[in-house]
Amino acid sequence: MPTAPTILFVGDVVGGLGRRTLLGLLPALRERHAPDFVVVNGENIAGGLGITPKLADELFAAGVDVITLGNHTYRRQEIGPYLDSGKPIVRPANYLSTQPGRGFVVVEKHGVRLGVVNLSGNIHLRAGRVAFLEIDAVLAELEGKVDHVLVDMHAELTSEKVAMGWYLDGRVTAVVGTHTHVPTADLRVLPGGTAYITDVGMTGPRGGVLGVKKEQSISSLRTHMNVRFETSEDDPWLNGVVIRGSEQPLRAEAIEQVLEPWQPAPSAAGRS
């Protein structure tokens, strides 16, 4: 019975193109990396803002084990009841307890129990409680119930994510940063055995500006006027990481980046 799982984590999936990129590349990534668990940040999957029950079900049907979210969790009104339905989808644990959903989930495969925790940064993002205090409470609740723990730290500031990595080193298997949509080059296993990266990046149109049509983003920045943003359809890539867990609980052996372009079939062009 394996106790050293392989985890594929895919960064913020943006819009319909991001969804198609993920679904188009996932079979080949499974064959290449043989992940025991697939975890996906899906908070931008519905037109670039939020997630719907239909889209979440599509990811689960494709074999995604856990969906994490972030500051756009509640952009789609219909997602509230779905977050309380028991599905393996998590919003930041340090949101208010009165808000729909839960902040962590435990999934089991091949006899390995993986805890997945979602956190929100507190600087420039709206979270009800301090992430560094909340994770202590979550880990206390998970003690003895998991073999490995993956933390998705969804935050604006690189410093806040780096600090969380050091804070949790040796206490969790991996801390992966999301939200800023640009992959960083600092992935490593920290001295205590925790795999870390400041930002995984995004899955979607690299030809835009963080997923938005570049012309619209440039216009907004040039004119300081409101511009209606739409998701780009240019140059789709998948950004992710593969984490190799250790036989020792709550430790990782390695982390590697997955930066993959996707070429959609001609019939898929322009689909939502």
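Since the model is a prediction, treat every value here as computed from it, not as a measurement.
Looking at residues two or more places apart in sequence or on another chain, you find no side-chain hydrogen bond (donor to acceptor under 3.5 Å, both in side chains) involving Ser220.
In this model, no donor atom of one side chain and acceptor atom of the other lie less than 3.5 Å apart for Asp169 and Tyr196. In the model, Asp235 has a side-chain atom that pairs as donor or acceptor with a side-chain atom of Trp237 under 3.5 Å. Counting only N and O atoms by type, the side chains of Thr178 and His154 include a donor and acceptor under 3.5 Å apart. Side-chain atoms of Thr52 and Arg76 include no donor-acceptor pair closer than 3.5 Å. Counted by atom type alone, Asp186 and Thr198 present one or more donor-acceptor pairs between their side chains at under 3.5 Å.
Between the side chain of Lys161 and the main chain of Gly177, no donor-acceptor pair closer than 3.5 Å is present. The backbone N or O of Gly201 lies less than 3.5 Å from no partner atom in the side chain of Asn239, so there is not a single donor-acceptor pair. Here the side chain of Tyr74 pairs no donor or acceptor atom with the backbone of Gly80 at under 3.5 angstrom. For the pair Thr21 (side chain) and Thr203 (backbone), a donor-acceptor distance under 3.5 Å is absent.
The line from OG of Ser219 to NE2 of His224 is 11.0 Å long, rounded to the nearest 0.5 Å. Once rounded to the nearest 0.5 Å, the distance linking NE2 of His72 with CG of Asp12 reads 9.0 Å. Remark: Leu119 CG to Met153 CE distance equals 6.0 Å, nearest 0.5 Å.
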Quiz item: side-chain contact (heavy atoms from CB on, under 4.5 Å) between Arg188 and Ile255: does it pass, once the steps are laid out?
Solution: CA-CA 6 Å; Arg188 53 183 163 156; Ile255 179 172; 5.5 Å; no

Solution key, residues 133-141 side-chain donor-acceptor pairs under 3.5 Å, sequence neighbours excluded:
unit_1: Glu134; atom_1: OE1; unit_2: Arg129; atom_2: NE; d: 2.7
unit_1: Glu134; atom_1: OE1; unit_2: Arg129; atom_2: NH2; d: 3.4
unit_1: Glu134; atom_1: OE2; unit_2: Arg129; atom_2: NH2; d: 3.2
unit_1: Asp136; atom_1: OD1; unit_2: Tyr167; atom_2: OH; d: 3.0
unit_1: Asp136; atom_1: OD1; unit_2: Arg171; atom_2: NH1; d: 3.4
unit_1: Asp136; atom_1: OD1; unit_2: Arg171; atom_2: NH2; d: 2.7
unit_1: Asp136; atom_1: OD2; unit_2: Tyr167; atom_2: OH; d: 2.6

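Side-chain contact check for Thr194 versus Thr173: every heavy-atom pair is 4.5 Å or farther apart. Put simply, the side chain of Asp234 does not reach to within 4.5 Å of the side chain of Leu17, judged on heavy atoms.
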